[in-house]
Amino acid sequence: MENTPASNFLQTIISDDLASGKVTEIVTRFPPEPNGYLHIGHAKSICVNFGLAEANGGRCNLRFDDTNPEKESQEFIESIQQDVRWLGFTWDGEVRFASSYFQQFYEWAVYLVEQGKAYVCDLNAEQAREYRGTLKEPGRNSPYRDRPVAENLDLLARMKAGEFGEGERVLRARIDMASPNMNMRDPILYRIRKMPHHQTGTEWAIYPTYDFAHGQEDAIEGITHSICTLEFEDHRPLYDWFLDNLPVPSRPRQYEFGRLNPSYTITSKRKLKQLVDEAVVAGWDDPRMPTVSGMRRRGYTPAAIRKFCDMIGTTRSDGVVDVAMLEFAIREDLNANAPRAMAVLKPLKVVLTDYPEDKTEMLAAPNHPTREDLGQRQLPFTREVYIDAEDFREEANKKYKRLVLGKRVRLRNAYVIEADAVVKNDAGEIVEVHAHTIPNTIGENPEDGVKPKGVIQWVSASAGKRAEIRLYDRLFNHEAPDRGDNDFMAHINPESLQIVNNAWIEPSLLEALPEQGFQFEREGYFVADRYDHSSEMPVFNKTIGLRDTWND
RNA sequence: UGGGGUGUCGCCAAGCGGCAAGGCACCGGGUUUUGAUCCCGGCAUUCGCAGGUUCGAAUCCUGCCACCCCAGCCA
């Protein structure tokens, strides 16, 4: 049951195609446009495409759908590859580029013109919109629709040669201006763009549109199942039209699934960019961003993200997935694999008055409660230790399971102590607690039978080290920040980041490597920052808190 | 009657004519040197609504309703 491969409508189609002999091998592809960073929605698409190929002994290509130089760049090409690899997937062969098929696309465009199935149209953008009609009214034929083939050929060649300016002419398919499907109303195949392309330089003055490129890219690569999201469903008839009217080498089929919409987050590239541009976050890889690089810096793991994608399934229905599911997947993975350590976020000094000033005991502590293979580390125990200010009260009701004046508590992996007195400053704030240890309580309960009320984390004041801890929380405090006419900028959680400069960490944490994750006991999961962490200046990001069912 | 989709527990999601899986969340209880984990138990007489077919329907038919996508020379 645990390892049952995700069964969904796509897997059913694939199984049927394999069984019927329609295909002998499954070939999918992940086709991002290099115009931004990958986000959680792309992660799902990656899991679906690579996952299906993997589960069926097939292959999956990574192909950049780089048909619009205006918005694309090499920076994105690199970050996307890095993200896919980080998620744990390996694409088949070399990375592919739609741009490497440009010559073939052009020849096919000429072919369509020769067949009388495409024509050069001189309407400008505004006129074209008028001629296109509306959702409820049919469009009208372009006055250039019946241009002679020879003239079309000549004009197309000159478009390619750069003789015309941007927007002056386009190449369109001759299909049906009265189609109820807007995509079939003589769609544009080529537009003029006098701009260098990141892969082809200044070789081309015209660039194919998504519609005229995607299916052919799939056909060239021998893609069997071209999987995309629901909004492309209306494009499928056009996708098929090109494949039916062109001498393509193979016949891919397009299938669509529902986009992922996690609650409390946005996945619109435009809006994410706005967050970056307006400095609401520190960048595309800010730990609060739903980008793959942001989640990575936050401490989410590839395994957790993949588990989450398995959990939510792949269907054709649209919905909002509770981020609690993502958080569950993160906690599940980290709980099983992250070494434990202790850190105190809000230090309150506890002086163990019975403990010698010059004494240091090294106490062995397991790195994980159930996984012995994770080993153990040494915790220096000294007369002065820090505990979290939240873990001490002068008085409290019986539900409070921490240190209370006159009562006992267990210092995790160390002694049981009993609080004797508090030291306050002029403002009446508690600045220090005096306590004493209960003898022989390492790994044992007190001999007098008076058990501690609870267990709290601590760090030696003299042997511990200072650290910066960045506490991250949800970026939005609204379940659907950009639904309907919500202004997502108005739903930003003002407390999505709180920086703790004077946290105290156990010395073993100085050995943490960037991107290494830990559970700081009783606090949550934290990761050493990918860029800012060092043993000289430790910086940890809060990945996610522990599940908290504490009432009252 | 513009076209294309989707509607099963608060959320995700199985099911495809034989009498509602599972996960998340939530609520109880147990274990526990993490108020974590783990363990046990609870959680849709009902499948958008209304009719119909059938011995029998979430699954078939008909009609409604709701929501999503499409009028970029974006993808």
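Small disclaimer: the values here were computed from a predicted structure and weren't measured.
A:M325 comes within 4.0 angstrom of a nucleotide base, judged by non-hydrogen atoms across all strands. Within 4.0 Å (heavy atoms only), A:I442 reaches at least one base atom of the nucleic acid. If you check every strand for non-hydrogen atoms under 4.0 Å, A:T441 touches a base. Using a 4.0 Å heavy-atom criterion, one finds that A:G454 contacts no nucleic acid atom at all. Residue A:R547 is in sugar-phosphate contact alone, with no base atom involved, counting any heavy-atom pair closer than 4.0 Å across all strands shown. Among the atoms of the strands shown, none is found under 4.0 Å from any heavy atom of A:E327. Nucleic acid contact for A:V416: none, since no nucleic acid atom lies under 4.0 Å from a heavy atom of the residue. Residue contacts shown for A:R402 include a base, since a base heavy atom lies under 4.0 Å away.
If you measure from atom CZ of A:R316 to atom P of B:rG4, you get 13 Å, rounded to the nearest angstrom.
Residues A:Y525 and A:Q519 bring a donor and an acceptor atom of their side chains to less than 3.5 Å of each other.
Ring geometry for A:F105 versus A:F102: interplanar angle of 30 to 60°, hence tilted. In this structure, A:F232 and A:Y210 have tilted ring planes: the angle between them lies in the 30° to 60° band. Ring pair A:Y355/A:Y415 is perpendicular by interplanar angle, where above 60° counts as perpendicular and below 30° as parallel.
The side chain of A:D322 has B:rG10 as its nearest neighbour among B:rU34, B:rG35, B:rG10.
Side-chain atoms of A:R331 and base atoms of B:rU37 include no donor and acceptor less than 3.5 Å apart. For B:rU34, the base has no donor-acceptor partner in the side chain of A:E523 [N/O atoms by modelled type, under 3.5 angstrom].
Between B:rA21 and B:rC9, the two P atoms lie 14 Å apart (nearest whole Å). Between B:rC49 and B:rU8, the distance separating the two P atoms is 10 Å to the nearest Å.
In this structure, A:T370 does not reach the B:rU37 phosphate: none of its side-chain N or O atoms is under 4.0 Å from OP1 or OP2. Remark: A:S317 is not in phosphate contact with B:rG7, judged by side-chain N or O atoms under 4.0 Å from OP1 or OP2. The shortest distance between the side-chain N/O atoms of A:S7 and the OP1/OP2 oxygens of B:rA14 is not below 4.0 Å.
Under a cut-off of 6.0 angstrom, the local environment of CD in A:E395 is sparse, with at most 12 non-hydrogen atoms contributed by other residues, nucleotides or ligands.
At a threshold of 4.0 Å, the pair A:R408-A:D448 counts as salt-bridged, since one of the basic side-chain nitrogens sits closer than that to a carboxylate oxygen.
A donor-acceptor pair is defined here as one N or O able to donate and one able to accept, closer than 3.5 Å; such a pair exists between the side chain of A:N337 and the backbone of A:D333.
B:rG63 has its base anti relative to the sugar, with a glycosidic angle deviating from 0 by more than 90°.
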Using the rule given for side chain to side chain contact (heavy atoms under 4.5 Å, CB included), can you reason through A:F76 versus A:F64, listing the C-alpha separation, both sets of side-chain angles and the distance that settles it, and then say yes or no? CA-CA 10 Å; A:F76 297 131; A:F64 288 104; over 6 Å; no
Could you run through nucleotides 69-75 of chain B and give me one letter per nucleotide, 5' to 3': B if any protein heavy atom sits under 4.0 Å from the base, S if only the sugar-phosphate is that close, - if neither? BBBSBSB
